[in-house]
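Keep in mind it's a predicted model, so treat the numbers as computed, not measured.
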Amino acid sequence: MNDLRLHFCNDSRELMLEPGILALGQGPHGLASQPVDGAWLLQLCNDRRGLWLTVAEGVRGVHVNGRPVSQVALLRAGDSIHVDGQEVQLLASNERPPPAPGRDATGNVRLVLRGIGGPHHGRSLSLEKPRRIGSAAQADLRLEGHGIATEHALIEMAGGKPVLRQTTAPVRLNGQPVQQAVLQPGDQLLFGTQHRFVVEGSTTLASDLQCAQQVQRQQAADAPPLPPSRGWASRVPWLLVAALLLAGALSALLMFGAR
């Protein structure tokens with residue numbers, strides 16, 4: 001298959017897919033075609049039959065479009081590959097890359113919680129407003145399974161950063177149990193035994209947006225009030241008023257002359 005490229009969503013790198021075999025492993029800055037230790041996680045074979053993905057033996061947690069892959073999968077343009085908390089998209093030559101982390105399709109700030117394991121793999125949830133997590137029907141992120149409480153946790157913005165609080169059941173942050181914590185991009189959260197999520201975006205961008213919104217609200221509050229309305233007189237053109245007065249004066253003169 002020709003005219004295909006890999007887009008690394010974590011850092012916006014791109015790599016053209018030439019005919020042959022391309023091996024990907026952990027590099028100094030994430031997934032790369034030249035692994036630090038020489039060990040590969042994935043192999044992409046590009047030939048006349050199509051593009052094939054092979055997962056290295058013993059590697060777990062590889063998903064294509066949210067579905068787990070343990071050995072081999074046939075890929076096509078538009079597919080999304082997740083491995084070890086990282087995302088790679090397969091794009092055609094004329095296809096635009098997805099929005100950069102931390103921004104949506106229009107370039108606005110976007111801080112999200114994205115599923116990287118479990119039934120919600122690949123799903124993204126904006127963190128720009130409070131999010132309640134649990135098995136309750138009204139939860140923003142509804143989870144089910146062993147170890148999930150009705151109101152499991154709350155994530156809300158404070159000072160431009162997402163904060164995990166109100167945990168009523170175990171939550172693991174980067175492998176460590178916590179009850180509350182300030183979250184950073186790249187942090188991984190595990191709810192229960194199977195629901196794994198990663199924080200993506202930029203807390204700096206979110207903080208800047210929050211500050212800008214506060215400035216706009218303050219400017220609106222400090223703006224001088226609009227002048228009070230003066231009733232119907234302020235809305236009637238003065239020429240019309242003058243014409244009415246003149247008509248009244250002429251009528252009075254005619255009546256006086258008739259006498």
Side-chain angles (χ1 to χ4, degrees), residues 9-10 30 60-69 80-89 98-214:
C9 299
N10 294 55
R60 298 290 181 267
V62 178
H63 292 74
V64 175
N65 301 329
R67 296 183 178 181
V69 176
S80 177
I81 307 168
H82 291 81
V83 55
D84 199 22
Q86 301 172 75
E87 181 179 2
V88 181
Q89 284 202 337
R103 293 185 179 270
D104 61 16
T106 61
N108 295 322
V109 176
R110 186 167 180 260
L111 194 65
V112 300
L113 188 69
R114 182 170 63 82
I116 57 173
H120 293 275
H121 183 95
R123 177 188 175 187
S124 292
L125 184 69
S126 168
L127 296 180
E128 291 156 16
K129 65 179 183 178
R131 296 297 189 180
R132 298 190 177 276
I133 302 169
S135 60
Q138 65 273 21
D140 298 291
L141 179 58
R142 188 176 181 184
L143 306 178
E144 297 179 347
H146 180 71
I148 300 298
T150 303
E151 297 181 357
H152 201 103
L154 169 69
I155 299 179
E156 61 182 355
M157 298 297 294
K161 294 185 178 181
V163 178
L164 172 71
R165 52 174 54 127
Q166 296 184 13
T167 57
T168 59
V171 176
R172 288 189 172 271
L173 172 61
N174 300 325
Q176 300 298 321
V178 296
Q179 291 185 327
Q180 63 179 13
V182 177
L183 304 178
Q184 302 290 341
D187 283 347
Q188 292 193 23
L189 294 169
L190 177 63
F191 302 96
T193 59
Q194 60 174 334
H195 302 284
R196 189 179 299 276
F197 293 83
V198 62
V199 178
E200 289 186 342
S202 171
T203 54
T204 301
L205 292 174
S207 179
D208 291 345
L209 177 63
Q210 190 176 53
C211 290
Q213 292 172 339
Q214 291 176 350

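- Residues A181 and L173 approach most closely at CB-CD2, 3.7 Å, considering heavy atoms.
- For the side chain to side chain contact (heavy atoms under 4.5 Å, CB included) test, residues two or more places apart in sequence or in another chain that qualify with R196 are I116, Q188, L190.
- Between atom CD1 of residue I155 and atom CD of residue Q180 there is a gap of 13.0 Å, rounded to the nearest 0.5 Å.
- Of all heavy-atom pairs between R172 and P177, the closest is NH1-CD, 3.4 Å.
- Between the CG atom of L113 and the OG atom of S124 there is a distance of 8.5 Å, given to the nearest 0.5 Å.
- Taking CD from E144 and OG from S135, the interatomic distance works out to 7.5 Å, rounded to the nearest 0.5 Å.
- Here the options are R165, R132, K129, the test is salt bridge (charged side-chain N to carboxylate O under 4.0 Å, His left out), and the partner is E156; only R165 passes.
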In sequence, state the C-alpha distance, the side-chain angles, and the governing distance for L143 and F197, and then conclude on side chain to side chain contact (heavy atoms under 4.5 Å, CB included). CA-CA 12 Å; L143 306 178; F197 293 83; 4.2 Å; yes
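- Distance CD1/I133 to CG/L154: 8.0 Å, rounded to 0.5 Å.
- Taking all atoms of both residues into account, the shortest heavy-atom contact from L127 to M157 is O-CG, 3.1 Å.
- The two residues H152 and G147 come nearest to each other via the heavy atoms CE1-O, 3.1 Å.
- In terms of heavy atoms, L164 sits closest to A153 at CD1-CB, 3.8 Å.
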In sequence, state the C-alpha distance, the side-chain angles, and the governing distance for V178 and T167, and then conclude on side chain to side chain contact (heavy atoms under 4.5 Å, CB included). CA-CA 8 Å; V178 296; T167 57; 6.0 Å; no
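- S126 approaches R131 most closely through the heavy-atom pair O-NE, 2.7 Å.
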Can you list the steps and then say if Q194 with H146 is a side chain to side chain contact (heavy atoms under 4.5 Å, CB included)? CA-CA 9 Å; Q194 60 174 334; H146 180 71; over 6 Å; no
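- Distance check, rounded to the nearest 0.5 Å: CG of L183 to CG of L189 gives 5.5 Å.
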Audit row: H120, L141, side chain to side chain contact (heavy atoms under 4.5 Å, CB included) steps and yes/no: CA-CA 9 Å; H120 293 275; L141 179 58; 4.2 Å; yes
